[in-house]
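Here is how names work: the chains are called A, B, and so on, in the same order as the sequence lines, proteins then strands, and each is numbered from 1. This structure is a prediction, so every number in the text was calculated from the model and none was measured. Computed from heavy atoms alone, side chains included, the values below leave out hydrogens, waters and symmetry copies.
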2 protein chains.
Amino acid sequence: MTGPSDPPAVPDLDSGLSREEAIALRESFEDAEQERIRRTVAELLDLLGKAHTMAVLSEFAFAEGPLRFSDLEAELGIAPNTLSTRLRELNEAALLERDAYDEVPPRVEYTPTERAESLFPVFAHLHHWAIEHEL
Amino acid sequence: MTGPSDPPAVPDLDSGLSREEAIALRESFEDAEQERIRRTVAELLDLLGKAHTMAVLSEFAFAEGPLRFSDLEAELGIAPNTLSTRLRELNEAALLERDAYDEVPPRVEYTPTERAESLFPVFAHLHHWAIEHEL
DNA sequence: CCGCATCCTACCGGATACTG
DNA sequence: CAGTATCCGGTAGGATGCGG
């Protein structure tokens, strides 16, 4: 009773680009460009590797519109200082847009940028993986 | 000179499952199963969120066969104790298989399992993202 | 020799209290 | 409500040692 039971027509877990295609694609670039790609991937993995960064982005990936600080705080159960740091990093990486409204009570909304949206299929894939596997 | 120049025919960055499809798919399950999926995703994000886990998996995603401890240590420039911990976690999560050969010099090989391989398109997508964006 | 385990240090993330 | 200040515990990094 631990595995998925009676799964409703799960489409193939073939998320676009395969490993071979990705390798071939990268090798089609000049050396300098390959090096840039390598560095960008490393930086990206470094950012995503920080605690809760993936979880935060995942929330945006499955949310309809913008999210507020307290939304994320409540949903993820993460300390405010840490959340604050993560949001600032994501904002500086141009993955989240920060909009502050001068009201009472104050309101700050975070919205994923297009750069972030083009990253969201990753979270859809992770979600799909979780449907078919356990941990 | 910072952006990509003369990009050779990059295929569309449309990695299979969209956000809407992922949401619809999840909602097609019963509540109990949805809860299991939610928890699995959370655990997965927690594991991937640990420092260097993504980087380690990424190495396997683009490597041909198995990798050795020293390969990863040299490639990622990460402390041996930390690498040791990450490899053990990934092994316990059944994402890496560990094979020790009793030779001189000793040899230990880590091989991604099928579970891990079904996760690799994620890294191909991240790589693809890095081709089209900066950080 | 390689793959770790150990020891220590530095930094990062968690909890709480407090402020604009 | 949306953070910041402070303190503290845990975790990663670096050097070293050692067993296989």
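Contact check, B:Arg88 against C:dA5: a side-chain N or O comes under 4.0 Å of OP1 or OP2. The phosphate of C:dG3 has neither OP1 nor OP2 within less than 4.0 Å of any side-chain N or O from B:Ser84. Within the structure, every side-chain polar atom (N or O) of A:Tyr110 is placed at least 4.0 Å from both OP1 and OP2 of D:dC1. When the side-chain nitrogen and oxygen atoms of B:Arg107 are compared with OP1 and OP2 of C:dC1, none of them lie within a distance under 4.0 Å. Remark: B:Ser70 is not in phosphate contact with C:dC2, judged by side-chain N or O atoms under 4.0 Å from OP1 or OP2. OP1 or OP2 of C:dC4 sits under 4.0 Å from a side-chain N or O of B:Arg98. Residue B:Arg68 places at least one side-chain N or O under 4.0 Å from the OP1 or OP2 atom of C:dG3.
Going from atom CD of B:Glu103 over to atom P of C:dG3 covers 11 Å, rounded to whole Å. Atom-to-atom, NZ of B:Lys50 to P of C:dC11 comes out at 22 Å; the value is rounded to the nearest Å. Separating the CD atom of A:Glu89 from the C1' atom of C:dC12 is a distance of 11 Å, rounded to the nearest angstrom. Counting to the nearest Å, the C1' atom of D:dT4 and the CD atom of A:Glu73 are 13 Å from each other. Regarding B:Glu109, its CD atom lies at a distance of 14 Å from the P atom of C:dC2, rounded to whole Å. Between B:Asp99 atom CG and C:dC2 atom C1' the separation is 16 Å, expressed in whole Å. Atom pair B:Leu72:CG and C:dG3:P shows a separation of 10 Å (rounding to whole Å applied). Atom pair B:Phe69:CZ and D:dG20:P shows a separation of 17 Å (rounding to whole Å applied).
Side-chain contact check for A:Phe120 versus B:Ser18: every heavy-atom pair is 4.5 Å or farther apart.
At a threshold of 4.0 angstrom between heavy atoms, the contacts of B:Asn81 include nucleobase atoms, whether or not backbone atoms are also involved. Counting any heavy atom pair closer than 4.0 Å across all strands shown, B:Tyr101 reaches no nucleic acid atom.
A salt bridge links B:Glu134 to A:Arg36: one of the charged nitrogens lies within less than 4.0 Å of a carboxylate oxygen. Between A:Arg38 and B:Glu75, at least one side-chain N (NZ, or NE/NH1/NH2) sits under 4.0 Å from a carboxylate O, which counts as a salt bridge. A salt bridge links A:Arg107 with A:Glu109: the closest approach of a Lys/Arg side-chain nitrogen to an acidic carboxylate oxygen falls below 4.0 angstrom.
With D:dG20, D:dA12, D:dG3 as the candidates, the nucleotide lying closest to the side chain of B:Arg86 is D:dA12. Each of D:dA2, C:dG14, D:dG14 was ranked by its minimum atom distance to the side chain of B:Ala79; first place goes to D:dG14.
Comparing A:Pro80 and A:Ala51, the nucleotide of DNA chain C nearest to each residue sits closer to the 5' end for A:Ala51.
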*Candidate pair B:Glu35 and B:Arg39, rule side-chain contact (heavy atoms from CB on, under 4.5 Å), full reasoning*: CA-CA 6 Å; B:Glu35 184 52 27; B:Arg39 287 230 320 263; 3.7 Å; yes

